[in-house]
Amino acid sequence: MTTEVNVLLNKKRYFYNRYSEEIVSDDLINYIYHESIGSNFKNKVKINIKCNEVTEEEKEKMISMIRNNFKKQVQEELYSYEKEQDRKGILLALGVALLILYYTNFTSILKDVMLIVGWISVCSSIYGLIFSSTKSYVDINRLKNLSKARIYFE
């Protein structure tokens, strides 16, 4: 199945960031991304851009710029996702270590603190691994599909 995003550019300058013609407008990128949200994140994406002022060379450059923008966003999301997973793994290891220490006869107050912190660490890291990673996974896949989108100019 394919998700179709239609873009109407009244003027070519709306495609570019107002400070540089080497960067795609944030408004356009946000529009394309949000228009793709209404469908399954695994769908392939087709972007139809209607703009009368564009030459063939400019079309190729614009297509490349859109794809590169979404590829950069994928890299950024993957980096953030991996760092988040690393932190959850460290938290899980800390929790397990504290639970092991708890069961190896420490002083009474220190044992209770380790038990509480250990269970909180284990529970929060498992919760994070199971539930909070889903949004990142969906965003990464959506951005990957946008970076591989078929882009047509009318």
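This is a predicted model, so every value here is computed, not measured.
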Next item on the list: Indicate, with yes or no, if Leu146 and Phe41 share a hydrophobic cluster defined by side-chain heavy-atom contacts under 4.5 Å among Ile, Leu, Val, Met, Phe, Trp and Tyr.
Entry: no

Note to self: Between Lys88 and Glu84, is the salt bridge (Lys or Arg N to Asp or Glu O under 4.0 Å) condition met? List the steps.
What the structure shows: CA-CA 6 Å; Lys88 290 174 189 170; Glu84 184 180 314; 2.8 Å; yes

Item checked: Evaluation steps, salt bridge (Lys or Arg N to Asp or Glu O under 4.0 Å), between Glu4 and Arg150 -> CA-CA 10 Å; Glu4 199 164 321; Arg150 291 179 296 170; over 6 Å; no

Check: Does a sphere of radius 6.0 Å around OH in Tyr127 hold more than 12 heavy atoms from other residues, nucleotides or ligands, not counting ones at 6.0 Å or beyond?
Finding: no

Next item on the list: Would you check, one step at a time, whether the test side-chain contact (heavy atoms from CB on, under 4.5 Å) holds for Leu28 with Tyr14?
Entry: CA-CA 8 Å; Leu28 178 60; Tyr14 295 146; over 6 Å; no

Note to self: Please give me the minimum heavy-atom distance between Ser125 and Val122, naming the atom from each residue.
What the structure shows: OG-O, 3.0 Å

Next item on the list: Determine whether Tyr31 and Met65 fall in the same hydrophobic cluster, where Ile, Leu, Val, Met, Phe, Trp and Tyr are linked whenever their side-chain heavy atoms lie under 4.5 Å apart.
Entry: yes

Margin query: Does any part of the side chain of Lys12, heavy atoms only, come nearer than 4.5 Å to the side chain of Met62, both counted from C-beta?
Written below: yes

Item checked: Heavy-atom donor-acceptor pair, Glu35 side chain to Val5 backbone, under 3.5 Å -> no

Next item on the list: Using a 4.5 Å cut-off on heavy atoms from C-beta on, say whether the side chain of Glu77 contacts that of Leu143.
Entry: yes

Check: What heavy-atom pair brings Tyr33 and Arg142 nearest, and what distance separates the two atoms?
Finding: CE1-CD, 3.6 Å

Margin query: I need the minimum non-hydrogen distance between Ile66 and Ile49, along with the two atoms involved.
Written below: CD1-CD1, 3.7 Å

Item checked: Stepwise side-chain contact (heavy atoms from CB on, under 4.5 Å) check, Glu82 with Gln85 -> CA-CA 5 Å; Glu82 289 169 359; Gln85 296 302 90; 5.7 Å; no

Checklist line | Heavy-atom donor-acceptor pair, Ser147 side chain to Lys144 backbone, under 3.5 Å | finding: yes

Next item on the list: Pick out which of Val45, Thr3, Thr2 makes a side chain to side chain contact (heavy atoms under 4.5 Å, CB included) with Asn145.
Entry: Val45

Item checked: Exceeds 12 heavy-atom contacts within 6.0 angstrom, atom CD of Glu58 -> yes

Check: CG of Leu92 to CZ of Arg87: how many Å apart, nearest 0.5 Å?
Finding: 15.5 Å

Next item on the list: Locate the shortest heavy-atom distance separating Lys59 from Val54; write the atom from each residue and the value.
Entry: CG-CG1, 3.4 Å

Next item on the list: Identify whether Val96 and Ile116 are in the same connected component of the hydrophobic contact network (ILVMFWY, side-chain heavy atoms under 4.5 Å).
Entry: no

Note to self: If I compare all heavy atoms of Arg67 with all of Ile151, which pair ends up nearest, and what's the gap?
What the structure shows: NH2-N, 4.1 Å

Margin query: Are the side chains of Ile63 and Phe153 in contact, using a 4.5 Å heavy-atom criterion?
Written below: yes

Notebook entry, point to check: Just how far is it from atom CZ of Phe15 to atom CD1 of Ile29, taken to the nearest 0.5 Å?
Noted result: 7.0 Å

Checklist line | Heavy-atom pair with the smallest gap, counting every atom of Ser121 and Gly95 | finding: CB-CA, 3.5 Å

Item checked: Flag, side chain of Ser64 to backbone of Glu60, donor-acceptor distance under 3.5 Å -> no

Next item on the list: Measure the shortest side-chain to side-chain distance between Tyr152 and Ile47 over non-hydrogen atoms and say whether it is less than 4.5 angstrom.
Entry: no

Item checked: Same cluster (ILVMFWY, side-chain, under 4.5 Å), Ile23 and Leu9 -> no

Notebook entry, point to check: Counting heavy atoms not belonging to Asn52, are there more than 12 under 6.0 Å from its CG?
Noted result: no

Item checked: Heavy-atom side-chain contact between Lys61 and Glu57 under 4.5 Å -> no

Note to self: So Phe70 and Ile32, do their side chains get closer than 4.5 Å, heavy atoms only?
What the structure shows: yes

